[in-house]
Amino acid sequence: MSIYKSNDYIVQSIEGNQLPISYEELEQAAKAALSPQAFSYIASGAGAEETAHKNKNAFQRYSIVPKLLNDVSELDTSISLFGKTYPTPFVLAPVGVLKQADEQGDFAVTRAASKFGIPFIQSTVSSFSIEEVGQSSDGPKWFQLYWTSLEDISFSFVKRAEEAGFEAIVVTIDTVTLGFREKDLFHGYSPLAHGYGQGNFESDDVFLSTLDEVSNSAIVDGIIKQINYPALNWSHIEKLKEKTSLPILLKGVLHPDDALRAVDCGVEGLIVSNHGGRQLDGVISSVDALPEIVNVVNGKIPVLFDSGVRRGSDALKVLALGADAVLIGRPYVYSLAVHGEQGVEQFLTTFLQDFNSSMTLSGVKDINQLKQMKIVHD
Ligand SMILES: Cc1cc2nc3c(=O)[nH]c(=O)nc-3n(C[C@H](O)[C@H](O)[C@H](O)COP(=O)(O)O)c2cc1C
Ligand SMILES: CCCCCCC(=O)C(=O)O
């Protein structure tokens with residue numbers, strides 16, 4: 001159980017914070033800290049950014065109806081997932097190529113997250129290897145898998161993640177090819193070509209054995225050949241189940257039929273996500289997709305959520321709509337860009353204060369009761 005006193009943030013948030021508090025100002029600070037190409041890569045969505053905008057606007061259509069006079073002086077924000085207890089309902093979303101935001105990339109993020117007991121999901125295209133990230137903090141870590149064209153590379157990554165003490169495997173199913181990202185095309189920018197996403201590949205014997213020569217350019221070309229696998233289908237997920245004893249989550253689920261199929265397939269969890277609007281433009285916002293998926297899954301497996309969470313009240317809405325945990329994406333990447341590990345730590349401190357304040361003011365003291373909170377939809 002993780003107890004927070006409801007008034008703690010009033011003084012703490014003022015001391016020593018070097019980050020802007022508001023998300024919009026944080027984004028501007030990141031823009032100033034990064035090259036135009038790197039900022040654009042992180043900030044933009046695919047196509048006309050219709051889905052990226054929907055992710056933001058959809059939150060405004062859901063309203064919290066607080067139920068008060070409930071002694072909320074102490075909060076319990078802890079959750080249980082896959083047999084483990086975590087002090088908060090938050091997880092840091094997998095974000096690849098983090099070195100473009102800060103030299104310490106994944107190391108800085110996992111160290112900051114570990115101070116809060118928040119799981120960090122390391123990307124397949126991370127800047128450092130599974131083993132290096134595994135050793136860089138004692139916090140909880142999950143591994144995100146992009147299914148590779150040669151599946152033995154994927155199985156090798158999963159085995160390495162198991163051996164390095166990672167607690168879950170997150171298979172991203174919405175990126176069988178890269179979204180059409182107009183801004184990156186305009187800039188002619190690929191962070192993979194800059195060598196920011198090769199930590200797991202350059203350290204993998206199975207991958208290295210596919211190369212004619214081991215050079216930087218051969219590694220980059222090899223990753224580009226491996227990283228998208230349009231033939232991905234349910235049989236691969238069934239096969240993965242036989243290869244690992246770790247819980248498997250599918251990330252990128254938006255259709256209730258896929259959610260039901262995931263349950264039938266025996267995966268342990270799913271993540272309702274549209275990849276922050278970076279994949280197929282024009283898809284439903286994650287927040288609009290969530291209620292129906294929660295309804296069909298009906299508590300059989302945990303339903304996690306991402307895309308568009310910027311503030312504590314966004315997270316409160318998502319949890320009230322039935323999500324079991326919430327992934328945070330761009331806000332932590334911007335914090336990393338602005339102020340490294342300390343930036344991520346300060347962001348998480350502020351974000352948790354915001355969330356705790358939101359929970360307090362909604363009249364809910366136990367996170368498990370959030371699903372009963374009244375939410376109305378315009
Ligand atoms: C720069 C960047 C890189 C990302 N890399 C990955 C990745 O490697 N694997 C993955 O599954 N999702 C990746 N994502 C998607 C995030 O996991 C998450 O779904 C998304 O950021 C949520 O949207 P939000 O940041 O707007 O909240 C990436 C997102 C960003 C912004
Ligand atoms: C060529 C695939 C690279 C994916 C990079 C990380 C990612 O998922 C993203 O949204 O960016």
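Whatever order the structure lists ligands and atoms in, that order sets their numbers, starting from 1. Owing to the predicted nature of the structure, the values given are computational and were not obtained by experimental measurement. We use all heavy atoms of the structure for the numbers below, so side chains are in, but hydrogens, waters and symmetry mates are not.
- Across Ile169, Leu92, Leu81, a single residue satisfies side-chain contact (heavy atoms from CB on, under 4.5 Å) together with Trp142, and that is Leu81.
- With Tyr332 contributing its side chain and Ala93 its backbone, the two residues share a donor-acceptor pair below 3.5 Å.
- Atom 1 (C) of ligand 1 has its closest protein heavy atom at Arg278 NH2, 3.5 Å.
- In this structure, CD1 in Ile21 is found 4.5 Å from OG1 in Thr350, a value given to the nearest 0.5 Å.
- For ligand 2, the atoms closer than 4.0 angstrom to any heavy atom of Arg181 are 9 (C), 10 (O), 11 (O).
- Given atom 21 (O) of ligand 1, the protein heavy atom at minimum distance is Gly329 CA, 3.9 Å.
- Taking each of Gly308, Gly252, Gly276, Gly45 in turn, the one with a heavy atom nearest to atom 27 (O) of ligand 1 proves to be Gly308.
- Close contacts of ligand 2 with Arg278, meaning ligand atoms under 4.0 Å from a residue heavy atom, involve 9 (C), 10 (O), 11 (O).
- When only non-hydrogen protein atoms are considered, atom 19 (O) of ligand 1 lies nearest to Asp306 OD2, 2.8 Å.
- Listed by atom number, the atoms of ligand 2 under 4.0 Å from His275 heavy atoms are 7 (C), 8 (O), 9 (C), 10 (O).
- Nearest protein neighbour of atom 11 (O) of ligand 1, counting heavy atoms only, is Thr172 OG1, 2.7 Å.
- For the residue pair Thr77/Thr88, the side-chain donor-acceptor check at 3.5 Å is not satisfied.
- Ranking protein heavy atoms by distance to atom 8 (O) of ligand 1, first place goes to Ser123 OG, 2.7 Å.
- Looking only at heavy atoms of the protein, atom 7 (C) of ligand 2 is closest to Tyr146 OH, 3.5 Å.
- Of the protein's non-hydrogen atoms, the one nearest atom 9 (N) of ligand 1 is Tyr146 OH, 3.1 Å.
- Of all the atoms in ligand 2, the ones that sit under 4.0 Å from a non-hydrogen atom of Leu192 are 1 (C).
- Among residue pairs with one or both ends in residues 352-378, those qualifying as ring pair (Phe, Tyr, Trp, His ring centres under 6.0 Å) are Tyr62-His377, Phe90-Phe355; sequence neighbours excluded.
- For the pair Val333 and ligand 1, no heavy-atom separation below 4.0 Å is found.
- Among protein heavy atoms, atom 6 (C) of ligand 2 sits closest to Tyr41 OH, 3.7 Å.
- Atom CG of Asp264 has more than 12 heavy atoms from other residues, nucleotides or ligands within 6.0 Å.
- Nearest protein heavy-atom contact of atom 16 (C) of ligand 1 is Pro94 O, 3.4 Å.
- Those atoms of ligand 1 that come under 4.0 Å of a heavy atom in Val125, given as number and element, are 8 (O).
- Lys243 and Glu162 are not joined by a salt bridge, as no carboxylate oxygen comes within less than 4.0 angstrom of a charged side-chain nitrogen.
- For the residues Lys251, Gln100, Gln144, the heavy atom positioned nearest atom 12 (N) of ligand 1 is part of Lys251.
- Considering only non-hydrogen protein atoms, atom 3 (C) of ligand 1 sits nearest to Val95 CG1, 3.5 Å.
- Considering backbone and side-chain atoms together, Gly96 places an N or O closer than 3.5 Å to an N or O of ligand 1.
- Residue Leu327 does not touch ligand 1, judged by heavy-atom distances below 4.0 Å.
- For atom 1 (C) of ligand 2, the closest non-hydrogen atom on the protein side is Ile227 CG2, 3.5 Å.
- Counting heavy atoms under 4.0 Å from ligand 1, residue Ser273 touches it through the side chain alone.
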